[in-house]
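In what follows, a single structure is set out as structure tokens and then discussed.
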Amino acid sequence: MMDYEKIKAGVRLMLEGIGEDVNREGLLETPDRIARMCAEIYGGLYEDPAQHLRKQFTVERDDMVIEKDITFYSTCEHHLLPFYGKAHIGYLPNGKVVGLSKLARTVDIYARRPQIQEKMTADIARALEEHLNPRGVIVMVEAEHTCMTMRGIKKPGSKTVTLVATGVFEENMELQNRFLSMVRDR
């Protein structure tokens, strides 16, 4: 579990390290604010996607299911700066589907962790594979990384795109292309 006192002490040290007066009015409550914020933005570390993916429904047809444009906010583990964007999920059921909100909740669980985008994309695909047992999964994530746009190379507007395909999506380029055209059709 999260240790609020360690977070607050760390924030105080960081503020002192950059030359700030931790006792000035505007910063007095900042360590506490940051500790509470951490509980919110890193809460996915303590959640299991299985809790959302367990409830499934039987379907007669196994047509592709797509949930696109799932907005997320995450944190780069290298600089602890935000990256944010959209996740797009597709899967071919194997007799069972999950509620659409559960796909968005799964993205949210994985987004609320410090990580790299490539791992987040793979983790989402792996969770769907494991809990839905579909014929295939495809996950595409598009994000802007503030560690690249506000510092370093400073290229605002640039996006990183990651894609993980499993099962029939990995083997069948026609299915991949169908997913991509449906995701791109805005």
Side-chain angles (χ1 to χ4, degrees), residues 1-55 67-89 98-131 137 139-164 183:
M1 292 305 287
M2 224 168 270
D3 186 331
Y4 290 95
E5 293 309 311
K6 280 187 178 179
I7 295 168
K8 290 193 280 190
V11 171
R12 280 188 208 91
L13 284 172
M14 184 189 80
L15 290 170
E16 288 172 355
I18 63 171
E20 268 290 357
D21 174 5
V22 296
N23 294 312
R24 77 174 170 84
E25 182 182 12
L27 293 177
L28 281 175
E29 296 177 28
T30 297
D32 186 58
R33 282 188 200 99
I34 298 293
R36 285 182 282 125
M37 178 193 70
C38 286
E40 183 179 340
I41 67 174
Y42 301 125
L45 289 166
Y46 308 103
E47 289 185 63
D48 181 358
Q51 69 190 19
H52 301 295
L53 296 173
R54 253 185 230 119
K55 178 74 172 160
E67 183 74 16
K68 69 180 193 174
D69 295 330
I70 303 167
T71 301
F72 72 89
Y73 299 89
S74 193
T75 306
C76 163
E77 66 184 25
H78 298 143
H79 300 97
L80 294 182
L81 286 172
F83 67 93
Y84 56 92
K86 306 271 185 190
H88 316 285
I89 295 173
V98 68
L100 297 176
S101 70
K102 306 312 183 198
L103 298 175
R105 288 183 193 282
T106 301
V107 169
D108 192 45
I109 286 170
Y110 285 108
R112 294 183 318 125
R113 300 172 180 199
Q115 66 203 324
I116 60 173
Q117 180 177 327
E118 297 87 342
K119 181 175 181 346
M120 183 180 100
T121 307
D123 285 346
I124 293 166
R126 189 176 316 105
L128 296 175
E129 274 283 311
E130 182 180 322
H131 299 291
V137 169
V139 177
M140 184 170 98
V141 174
E142 303 172 280
E144 184 168 327
H145 292 249
T146 60
C147 59
M148 193 173 127
T149 62
M150 70 179 275
R151 59 152 305 278
I153 189 108
K154 294 183 181 96
K155 296 296 178 201
S158 61
K159 297 251 187 324
T160 300
V161 179
T162 50
L163 183 118
V164 172
V183 164

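Fair warning: this is a prediction, and the values are worked out from it, not measured in the lab.
For the residue pair Thr75/Gln115, the side-chain donor-acceptor check at 3.5 Å is not satisfied. Neither side chain, Thr149 nor Lys155, offers a donor N or O lying under 3.5 Å from an acceptor on the other.
With rounding to the nearest 0.5 angstrom, the CG atom of Asp123 is 11.5 Å from the CD atom of Glu118. Atom SG in Cys38 sits 10.5 Å away from atom CG in Leu45 (nearest 0.5 Å). Here CD1 of Ile124 is found 10.0 Å from CG of Leu103. Values are rounded to the nearest 0.5 Å. Of the inter-residue distances, the one linking Lys6 atom NZ with Lys8 atom NZ reads 14.5 Å to the nearest 0.5 angstrom. With rounding to the nearest 0.5 Å, the separation of CD1 in Ile116 from SG in Cys147 is 11.0 Å. How far CG of Leu53 is from CD1 of Ile109: 7.5 Å, rounded to the nearest 0.5 Å.
When side chains are defined from C-beta on, Tyr46 counts as touching Met1, because their heavy atoms get closer than 4.5 Å. Using a 4.5 Å cut-off on side-chain heavy atoms (C-beta onward), Val11 and Leu15 make contact. Side chains of Pro114 and Tyr42 form a contact here, defined as non-hydrogen atoms less than 4.5 Å apart. For the pair His79/Arg151, a side-chain contact is recorded, criterion being any heavy-atom separation below 4.5 Å from C-beta on. When side chains are defined from C-beta on, Lys119 does not count as touching Tyr110, because their heavy atoms never get closer than 4.5 Å. Using a 4.5 Å heavy-atom cutoff, the side chains of Lys55 and Val98 are not in contact.
Under a 4.0 Å N-O distance rule, the pair Glu129/Arg126 does not qualify as a salt bridge. Salt bridge status for Arg36 with Glu40: absent, with no side-chain N to carboxylate O gap under 4.0 Å.
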Task: Leu27 and Glu20: CA distance, side-chain angles, deciding distance, side chain to side chain contact (heavy atoms under 4.5 Å, CB included) verdict - done: CA-CA 9 Å; Leu27 293 177; Glu20 268 290 357; 3.4 Å; yes
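Under the side chain to side chain contact (heavy atoms under 4.5 Å, CB included) criterion, Gln117 pairs with Phe83, Thr121, Val141, Ala143, His145, Thr160, Thr162, not counting sequence neighbours.
In this structure, Gln51 and Glu47 approach most closely via the heavy-atom pair NE2-OE1, 3.5 Å. Residue Glu144 comes nearest to Ser158 through the heavy atom pair CG-O, 3.6 Å, listed as atom of the first residue, atom of the second, then distance. Between Ala125 and Val164, the shortest heavy-atom distance links the atoms CB-CG1, 3.7 Å. When all heavy atoms of Met2 and Ile7 are compared, the closest pair comes out as CG-CD1, 3.7 Å. Closest approach of Ala50 and His131 over heavy atoms only: CB-CE1, 3.4 Å. Closest heavy-atom contact between Arg12 and Pro31: CG-CG, 3.6 Å.
Residue Ile153 qualifies as open at atom CD1: its count of foreign heavy atoms under 6.0 Å is 12 or below.
Here the side chain of Arg113 pairs a donor or acceptor atom with the backbone of Gly44 at under 3.5 angstrom.
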